[in-house]
Amino acid sequence: MDTIKEIIQTLHNAGDAEIAKHSSRFFKSGPGEYGEGDKFLGIRVPVIRQFAKQFKCSDLETLSALLDSDWHEVRLLALVILSEQFKKASPPVRDDIFAFYLAHTDRINNWDLVDCSAHIIVGGHLVEADKTILYTLADSISLWERRIAMMATFTFIRANQLEDTIKLAELLLKDKEDLIHKMCGWMLREMGKRDVQRLKAFLDKHIQTMPRTMLRYAIEKLPKEERQDYLTR
DNA sequence: GCAGCTTATGTT
DNA sequence: AACATAAGCTGC
């Protein structure tokens, strides 16, 4: 059994000051920015994924302690391990992991932490279940809970369930955060790969009020002329 | 404010 | 190896 201290020490040893400096800027950890106060060890994602294999058997208590870390990569490690465990878990264990995830959203507090896990754990749990909780998350004051809600629909889209992506995008249409505009545009685009008529219906309905970034992401896979048409309407 | 570019990462 | 995706950055 690896102790929490051993895991954190292992990550500390793998850190690189230059990468940490770059990550700190890239993930907006400055005052007033969305990642305010976050601290970085400077470890690239593929290296974290290697460590996740090494520590894949960590229990929820250990993962909870890792999520409590001030270090961004320690939290990322915990979420990669948790996501991998979810994929291989039995239904009752999946229930536990899902509940654990929702109980720790305050520590899933940057876009990469959401994007590596929400579609696997929240999407994976809800794809064959009641999805009401998504609308609670989408209504949260937390930017990250709202992003988790939309990211979860990635799994629904892959299962050809397109309805929730549209409903959530409509709920989030007036969101003030650029990171939500991007996420909605991304999922709308993915939805459009399955049903382009449905995407166009959404665009025709909302083009006057959609944030520009959401629109641009959503139309990215349309033919050039159609893209141009939507951009100049 | 917008369109296009750069870097890191994941998938096939 | 080639392609697709995210984010931030930059010049208009």
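Here is how names work: the chains are called A, B, and so on, in the same order as the sequence lines, proteins then strands, and each is numbered from 1. Only this structure's heavy atoms are used, side chains among them; waters, hydrogens and symmetry mates stay out.
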For a quick check, tell me whether the side chain of A:R44 and the base of B:dA8 share a donor-acceptor pair closer than 3.5 Å. no

Counting any heavy atom closer than 4.0 Å, what does [X] reach on the DNA or RNA strands: base, sugar-phosphate only, or nothing?
X      : result
A:R147 : sugar-phosphate
A:R227 : nothing
A:F154 : nothing

Distance below 4.0 Å between [X] side-chain N/O and [N] OP1 or OP2:
X      : N     : answer
A:R49  : B:dT9 : no
A:R25  : C:dC9 : yes
A:K182 : C:dG8 : yes
A:K221 : C:dC3 : no

Write down the distance between [atom1] ([X]) and [atom2] ([N]), rounded to a whole number of angstrom.
X      : N      : atom1 : atom2 : result
A:W111 : B:dG10 : CH2   : C1'   : 13 Å
A:E220 : B:dC2  : CD    : C1'   : 15 Å
A:E33  : C:dG8  : CD    : C1'   : 11 Å
A:M214 : C:dA6  : CE    : P     : 14 Å

Side chains of A:M150 and A:D175: does their closest heavy-atom pair fall under 4.5 Å? no

Check the angle between the aromatic planes of A:H125 and A:F98 and answer parallel, tilted or perpendicular using the 30° and 60° thresholds. parallel

